[in-house]
A.B. asks: 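Please find one structure pasted underneath; my questions will follow.
Just so it is clear, the values below take in all heavy atoms, side chains as well, and ignore hydrogens, waters and symmetry mates.
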Amino acid sequence: MRQHRSAILFVMAVLVIAATVPVKADVLDKAMNIGGITVHYKVVLPKNYDPSKAYPGVLGFGGGPQTMNVVDNVIARNFQDEAEKRGYIVVVPAAPNNQLFFEGGERIFPEFLKRILADYKIRDNKFHIAGPSNGGIASFHVASLNPDYFLSITAFPGYLWEETPAHIQAISKMCINMFVGELDPMGWQPLMQKQAAEFRAKGITATYTVEKGQPHRLDTLAGPNASRLFDLFEQASHGCGK
């Protein structure tokens, strides 16, 4: 009898502990075929996700080779915790056939976005697009080719590598945020600063921020500091914070 009572108490204790543990955001590992190309991607869903409800959405890109390992890293560093806290859906694809998203991989758009919008309710059918390094360049490039799908571009760091009048015009209605490390050895600071100034001269809402003491990889926008990225997303949802 005493053993039976102990077993009941143990089960009750487990249930109480389980009830008090917060429900974490789900990270789904998915794939789709677009024109014969297999695209692997991950989706971060907010806690207590309700498929009947529309959520703000982020299309993210990793840096470097944009492989699935990089996707996992950028989700952990920059997106998952805040998506959970604030109720965002974040989608991060890996480069298809190892082609970066500004070197051929961009051809999966806009079909990829159309499929995501069919699977998940994204508020106003528009995303924020963001990423570090090659992910920042990809964010500018993909947004400039598919402007109807995006509210904002956040590159940390990154820039518009095809700086043609048509590409600039395509992103002119978006809120643009550009971050670069003070100690970035890549030498992107002058280019990004010049480009941000040119955007502003054309009436585009664009900010350029130098992160003090930071190298190419910005810890000031990662972990608990990733809240700064999501603050910008929320500002953009209300007209670039105006």
A.B. asks: Whether the side chain of Gln80 engages the backbone of Val44 through a donor-acceptor N/O pair (distance < 3.5 Å, no angle test) should be reported.
C.D. replies: no
A.B. asks: Mind checking whether Lys30 and Val39 have side chains closer than 4.5 Å, heavy atoms only?
C.D. replies: no
A.B. asks: Please report the interatomic distance CG(Asn146) to CD(Glu106), rounded to the nearest 0.5 Å.
C.D. replies: 9.5 Å
A.B. asks: With a 3.5 Å distance limit and no angle check, can you tell me whether Asn97 reaches the backbone of Gln99 through a side-chain donor-acceptor pair?
C.D. replies: no
A.B. asks: Donor-acceptor pair, Gln66 side chain versus Gly62 backbone, under 3.5 Å?
C.D. replies: yes
A.B. asks: Does Pro132 offer a backbone N or O that forms a donor-acceptor pair with the side chain of Arg217 under 3.5 Å?
C.D. replies: no
A.B. asks: Do Phe179 and Leu232 touch side chain to side chain, with heavy atoms closer than 4.5 Å?
C.D. replies: yes
A.B. asks: Can you tell if the side chain of Met32 reaches within under 4.5 Å of the side chain of Tyr41, non-hydrogen atoms only?
C.D. replies: yes
A.B. asks: Taking all non-hydrogen atoms of both residues into account, name the closest pair between Gly63 and Val70 and its distance.
C.D. replies: O-CG1, 3.2 Å
A.B. asks: Examine distances only and state if a side-chain atom of Asn78 and a backbone atom of Gly131 form a donor-acceptor pair shorter than 3.5 Å.
C.D. replies: no
A.B. asks: Any donor and acceptor pair, going by atom type alone, linking the side chain of Asn177 with main-chain N or O of Thr207 inside 3.5 Å?
C.D. replies: no
A.B. asks: More than 12 non-hydrogen atoms from neighbouring residues, nucleotides or ligands closer than 6.0 Å to CD on Gln169, yes or no?
C.D. replies: no
A.B. asks: Using side-chain heavy atoms (C-beta onward) and a distance below 4.5 Å, is Tyr149 in contact with Ile129?
C.D. replies: no
A.B. asks: Look at the side chain of Arg107 and the backbone N and O of Gly104, then say whether any donor-acceptor pair between them is shorter than 3.5 Å.
C.D. replies: yes
A.B. asks: Tyr55 and ring-ring contact (aromatic ring centres under 6.0 Å, His included): which single residue from Tyr120, Tyr88, Tyr49 fits?
C.D. replies: Tyr49
A.B. asks: Taking side chain as C-beta onward, heavy atoms only, is Ile108 less than 4.5 Å from Phe101?
C.D. replies: yes
A.B. asks: If you measure from the Lys or Arg side-chain nitrogens to the Asp or Glu carboxylate oxygens, is any gap between Asp148 and Lys126 under 4.0 Å?
C.D. replies: no
A.B. asks: Side-chain contact test, heavy atoms from C-beta onward, threshold under 4.5 Å: evaluate it for Pro147 versus Met174 and give yes or no.
C.D. replies: yes
A.B. asks: For residues Thr38 and Pro96, determine if any side-chain heavy atom of one lies less than 4.5 Å from a side-chain heavy atom of the other.
C.D. replies: no
A.B. asks: Is there a donor-acceptor pair closer than 3.5 Å between any side-chain N or O of Gln214 and the backbone N or O of Val180?
C.D. replies: no
A.B. asks: For Glu211, is there an ion pair with Arg228 - N to carboxylate O distance below 4.0 angstrom?
C.D. replies: yes
A.B. asks: Working note: Val43 + Ile89, criterion side chain to side chain contact (heavy atoms under 4.5 Å, CB included); need CA distance, chi angles, decisive distance, verdict.
C.D. replies: CA-CA 7 Å; Val43 179; Ile89 293 175; 4.0 Å; yes
A.B. asks: Can you tell whether the side chains of Arg86 and Asp231 come within less than 4.0 Å, N to carboxylate O?
C.D. replies: yes
A.B. asks: Answer yes if Met178 and Ile204 sit in the same cluster of Ile, Leu, Val, Met, Phe, Trp and Tyr residues linked by side chain heavy atoms under 4.5 Å apart, and no otherwise.
C.D. replies: yes
A.B. asks: Grouping I, L, V, M, F, W and Y whenever their side-chain heavy atoms are under 4.5 Å apart, do Phe199 and Leu151 come out in a common cluster?
C.D. replies: no
A.B. asks: Do Phe102 and His141 have ring centroids that are under 6.0 Å from one another?
C.D. replies: no
A.B. asks: Angle class for the Trp188/Tyr159 ring planes (parallel below 30°, perpendicular above 60°, tilted otherwise)?
C.D. replies: perpendicular
A.B. asks: Under 4.5 Å between any side-chain heavy atoms of Phe79 and Val58, yes or no?
C.D. replies: yes
A.B. asks: Does Lys202 pair with Glu198 as a salt bridge, N-O distance under 4.0 Å?
C.D. replies: no
